[in-house]
Asks: 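One structure is given below, represented as C-alpha cells, and several questions about it will come after.
Keep in mind it's a predicted model, so treat the numbers as computed, not measured. Reckoned from all heavy atoms, side chains included, excluding hydrogens, waters and symmetry mates.
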Amino acid sequence: MNVLSLQDGVAARRTGSAASASAAQRFPGSFGALQKICEDSSELLDSDALNRPLNIMIPKFLQFFKHCSPKIRSHAIACVNQFIIGRAQALMDNIDTFIESLFALAGDEDSEVRKNVCRALVMLLEVRIDRLIPHMHSIIQVGQPLDLTSSPLSTQMRTWLWKPVSSGSLWLSSPSVKRPCLATWFRKCSAAALDVLANVFREELLPHLLPLLKGLLFHPDWVIKESGILVLGAIAEGCMQGMVPYLPELIPHLIQCLCDKKALVRSIACWTLSRYAHWVVSQPPDAHLKPLMTELLKRILDGNKRVQEAACSAFATLEEEACTELVPYLSFILDTLVFAFGKYQHKNLLILYDAIGTLADSVGHHLNQPVSPAEYIQKLMPPLIAKWNELKDEDKDLFPLLECLSSVATALQSGFLPYCEPVYQRCVTLVQKTLAQAMMYSQQPDQYEAPDKDFMIVALDLLSGLAEGLGGHVDTLVARSNIMTLLFQCMQVSGAQLCLLYFITTFTSCCQTVYTLVTALLNTMCAHVVAITIGRLGYVCPQEVAPMLPQFIRPWCTSLRNIRDNEEKDSAFRGICIMIGVNPGGVVQILHGFKEQVGEENWQQFSEQFPPLLKERLAACYGVSQQEEGEWETHPSVYCTALIWGEGEGRFWPLPLMDGPHALCVCP
C-alpha cells in the first residue's frame, strides 16, 4: 500500500467529494494488500533494515479503527493483530490505546470486525494478560452474548474467542455442557491438567474418560467433535497403552476427520494423529501408515493456512517415527513438499523447511539412491537453492533454511557436490560478517549493536553438514578459504563451540593447531563438547594428538564420565582408544590414581573381573598388576568404565557403555 493510497483513504474519510468517493472505493483493496504484507513480513516491518516502519504504521492503523467503512476497520484490526504475538515494540508502546479501541469495537455491527476483535483478545491473553486483567469484566461481556444463540456466526465467534487451536489448548466440553470457558488461559490450564492426570493415573483414567470421549468424537456438532479430538490427543502420552485396543477403530476415524469441511477439525486431527504416530508406524504399512501419509500430504496442500501448518508439523513427526519406512514413497512425498514451495507463504515456509530437513534425517542416504539417477535430487534441490539465492544475508529466514540444507547435505553426501561451493562460500561469509560485527561491538559498544550470533551458529551447523556429507571432498574448499582462522575466533564466542563439534574434526591437515586451541577450552562450560572433539581429532590423526595424552586425559575423563551414551560419546571413545594404542604411557597416571583411590581390597574385587588379555596389557604397558589370579569373564569395557569413573567420585563398579572399539582401549 503506497503513500498515495493512504492519503486517498484519509481524504475519503474526511470529505464527501466525488473524487474522494472514488478513492474510498479503491482503499479497501489497498488495505487488504497491506494486511497480507503485515502477515507475511511482520518481523521485517519491525526491523532496523527498514528503519522500523511500524513506529509510524501502528498509530495510523489505530486511527483507522474509527473509520466509517467496516471493511477498513476490519483490515486495520487484522493488520495490528499480526504484531501481537511477536510483541512488536511499536505496538507495546501503544498497548493501552489498542485495548481501549478493541473494547470500543466489541459491539460493532459488522461480524468481521467483531471476529478480529476476538482474535486480538485471544492473542493478548497470551502475551499481555497483565493489561487485560483490569478489563476482565468487559472481556466476559464480549463473550457472553455469543452463548445466547446457536447461529453459525455465534459458533464462529465463540471458537475464535475461546479456542485458538494453534496453541494446543483444550476445551473440555460435553454434549450437555456447551458453554465456553472464561478464557484461553483457563482452557490451557485444563489441557495441562488433563495431560498430567493422564501421565499420573494412566490407564486408571480411561474408565472415567472414555464414555465422555466417545460422545465427543462422534458428536454432530463440529465444535464438540473438535474438542473430543483435542482430548484424544491430550491423553496420548499418558494413556497410550490403555488406548491401544481402541486405536484400530479410532485412527481411521481421525484420518477421515482430515477431510472434514471445517478447517479447525482438520488441523486438530493432524495434531492428534501425530501424537499416535509411533503406534501407527508399528502396524503393517498398508493398515494405517500409508492412508495417514496420503491424507497428511493432501492436507499439506490444503487451502487453509492453519491446516497447512498443522499437517506439515504432523508429517515431520511421522517422518521421525517412520524413518526408512518412507523410502518406497519418497517420490510422492517429494512431489508434494516441492509443490508446497509455490503455495506456502512466509510463516508456513519455515515449517516446510523443517519437514524437508526431518525427511532427510530420517531416510538418510536413500535420498541419494533413487531408482532413476539423480531423480530425487533434481526434484528437491532447485526450490531450495532458489530460496537460498532469494534471501539476503541479513534475513533471519536463513536460519531454518540453513538447518534444512545441513540435513539435506548430510543425507545426499556426494550428491550435494554440484551445490556445495556457493553454499560453502556463503556460510564462510556469514561467519566472517558475524565475527567482524562482534569485534566492532566489543571495541565500540556505544556505536554498534551486538551481532546476532545465530547467523554464525547456523552457518557453522551447515558447514558441519557439508563436512559430514562430503567427507574428503570438502578439503579443497577448506584449502581455498580462511575457515580455519575463523574457526579459531569462533572458539572464543559463546554458543558457537557446539557447532564446531562435527565440522572441525573432518580436517586432518591441521590437527595439531586445532588441538592446541580446543585443549585450552577444556575447563569451560562446554568441556564435554571439547572432549568429544579431541576424541574425534584423535580418531582421524592419532599420531599428532596422542603425544599430548598426559596433558588432557584427566579432564577428558572427568568431562565425559556423566554424559549419557550416544553416537558422539562413542566416536570420542574410538578416538581415545586409538590414541592410547599409539601412546600407552599417556594414561599411566589415571590407572595408578584409580587403583590408589579405590583401595587394595576394592581393587582386587574389581580386577578379578578382568579377562586375561586385559591383565597382561595392564601389567606390560602400565605396570599395574593383580595380587591374585581369578576368573576373567567380564568384557574389557569395565576398564573403560574405570577410566571414566576414576576421578574423585569414590565409585568404581562398572557402568555399561555402548558396544564398540572403546571397549578395547588398553589393547593396542
Asks: Would you please name every residue forming a side-chain contact (heavy atoms from CB on, under 4.5 Å) with Ala340, sequence neighbours left out?
Replies: Ile300, Leu301, Tyr344, Leu352
Asks: Look at the side chain of Asn304 and the backbone N and O of Val307, then say whether any donor-acceptor pair between them is shorter than 3.5 Å.
Replies: yes
Asks: Take Gln432 and Asn482, measure what side-chain contact (heavy atoms from CB on, under 4.5 Å) needs, and give me the verdict at the end.
Replies: CA-CA 9 Å; Gln432 192 163 349; Asn482 63 336; 3.8 Å; yes
Asks: Measure the spacing between NE2 of His365 and OG1 of Thr324 and express it to the nearest 0.5 Å.
Replies: 9.0 Å
Asks: Do NZ/NE/NH1/NH2 and the carboxylate oxygens of Lys396 and Asp454 come within less than 4.0 Å?
Replies: no
Asks: Could you report the tightest heavy-atom contact between Ala269 and Cys257, atom names first, then the distance?
Replies: CB-CB, 3.9 Å
Asks: Between Lys305 and Glu309, is the salt bridge (charged side-chain N to carboxylate O under 4.0 Å, His left out) condition met? List the steps.
Replies: CA-CA 6 Å; Lys305 292 182 180 180; Glu309 177 184 0; over 6 Å; no
Asks: Is there a side-chain contact between Val280 and Glu321 in this structure, where contact means two heavy atoms from C-beta onward sitting under 4.5 Å apart?
Replies: no
Asks: Of all heavy-atom pairs between Leu254 and Thr272, which one has the smallest distance, and what is that distance?
Replies: CD1-CG2, 3.9 Å
Asks: Going through the distances and angles, do Tyr419 and Tyr424 end up as a side-chain contact (heavy atoms from CB on, under 4.5 Å)?
Replies: CA-CA 9 Å; Tyr419 313 95; Tyr424 177 89; over 6 Å; no
Asks: Please confirm whether the backbone N or O of Cys38 pairs with a side-chain atom of Ser41, one donor and one acceptor, at under 3.5 Å?
Replies: no
Asks: Main chain of Leu217, side chain of His253: is a donor-acceptor contact present, judged purely on distance under 3.5 Å?
Replies: yes
Asks: For Tyr539, enumerate each residue passing the ring pair (Phe, Tyr, Trp, His ring centres under 6.0 Å) test, keeping only those at least two apart in sequence or located in another chain.
Replies: none
Asks: One pair to check against side-chain hydrogen bond (donor to acceptor under 3.5 Å, both in side chains): Gln413 and Asn368. What are the steps and the verdict?
Replies: CA-CA 8 Å; Gln413 299 174 353; Asn368 193 26; 5.3 Å; no
Asks: For Trp271, does its backbone N or O pair with a side-chain atom of Ser274 as donor and acceptor, under 3.5 Å?
Replies: yes
Asks: List for me each residue that meets side-chain hydrogen bond (donor to acceptor under 3.5 Å, both in side chains) alongside Asp393, sequence neighbours excluded, and say none if there are none.
Replies: Arg426, Lys433
Asks: Side chains of Arg306 and Ser267 only: does a donor on one sit below 3.5 Å from an acceptor on the other?
Replies: no
Asks: For a quick test of reading the model, state the closest non-hydrogen atom pair linking Asp354 to Ala316 and the distance between them.
Replies: OD2-CB, 3.9 Å
Asks: Would you find a donor on one side and an acceptor on the other, under 3.5 Å apart, between the side chain of Arg52 and the backbone of Asp46?
Replies: yes
Asks: Which distance, rounded to the nearest 0.5 Å, do you find between the CZ of Phe315 and the CZ of Arg299?
Replies: 13.5 Å
Asks: Does a side chain donor of either Tyr329 or Thr294 reach within less than 3.5 Å of an acceptor in the other side chain?
Replies: no
Asks: Indicate yes or no: at least one non-hydrogen side-chain atom of Pro248 is less than 4.5 angstrom from one of Trp279.
Replies: yes
Asks: For Phe218, does the CZ atom sit with more than 12 other heavy atoms under 6.0 Å from it, leaving out its own atoms?
Replies: yes
Asks: In sequence, state the C-alpha distance, the side-chain angles, and the governing distance for Phe83 and Leu45, and then conclude on side-chain contact (heavy atoms from CB on, under 4.5 Å).
Replies: CA-CA 10 Å; Phe83 307 100; Leu45 292 172; 3.9 Å; yes
Asks: Mark yes or no for whether Ser313, through its side chain, and Ala310, through its backbone, hold a donor-acceptor pair below 3.5 Å.
Replies: no
Asks: So, Ser331 versus Lys379: side-chain donor-acceptor pair below 3.5 Å or not?
Replies: yes
Asks: Once you round to the nearest 0.5 Å, how far does OG1 of Thr410 lie from CG of Asp361?
Replies: 7.5 Å
Asks: So, does Arg119 use its side chain to make a donor-acceptor pair with the main chain of Ala78 at under 3.5 Å?
Replies: no
Asks: With a 4.5 Å limit on heavy-atom distance, are the side chains of Leu334 and Leu367 in contact?
Replies: yes
Asks: Does some side-chain heavy atom of Leu91 sit less than 4.5 Å from a side-chain heavy atom of Val80?
Replies: yes
Asks: Does Glu226 pair with Arg266 as a salt bridge, N-O distance under 4.0 Å?
Replies: no
Asks: Do Asp461 and Leu402 come within less than 4.5 Å of each other through their side chains, counting heavy atoms only?
Replies: no
Asks: Drop me the distance from Asp302's CG to Glu295's CD, to the nearest 0.5 angstrom.
Replies: 11.0 Å
Asks: Side chains of His288 and Pro252: does their closest heavy-atom pair fall under 4.5 Å?
Replies: yes
Asks: So Leu273 and Ile251, do their side chains get closer than 4.5 Å, heavy atoms only?
Replies: yes
Asks: When you check the gap from the basic side-chain N to the acidic O, do Arg574 and Asp570 get nearer than 4.0 Å?
Replies: yes
Asks: So how far is it from Cys270 SG to Leu318 CG, rounded to the nearest 0.5 Å?
Replies: 11.0 Å
Asks: Rounded to the nearest 0.5 Å, how far apart are CG of Leu430 and CZ of Phe455?
Replies: 7.5 Å
Asks: So, the side chain of Ser74 versus the backbone of Lys71: is there a donor-acceptor pair under 3.5 Å, distance only?
Replies: no
Asks: What is the minimum heavy-atom distance between Cys312 and Ala355, and which atoms define it?
Replies: SG-CB, 4.0 Å
Asks: Examine distances only and state if a side-chain atom of Ser571 and a backbone atom of Arg536 form a donor-acceptor pair shorter than 3.5 Å.
Replies: no
Asks: Testing the 3.5 Å rule here: is there a donor-acceptor pair between the side chains of Gln35 and His75?
Replies: yes
Asks: I need the minimum non-hydrogen distance between Leu477 and Cys420, along with the two atoms involved.
Replies: CD1-SG, 4.0 Å
Asks: Judged by atom type as modelled, is there a donor-acceptor pair below 3.5 Å linking the side chain of Asn199 to the main-chain atoms of Asp195?
Replies: yes
Asks: Between Lys262 and Val223, is there a side-chain heavy-atom distance shorter than 4.5 Å?
Replies: no
Asks: So, for Leu232 and Ile235, which heavy atoms are closest and what is the spacing to 0.1 Å?
Replies: O-CG1, 3.5 Å
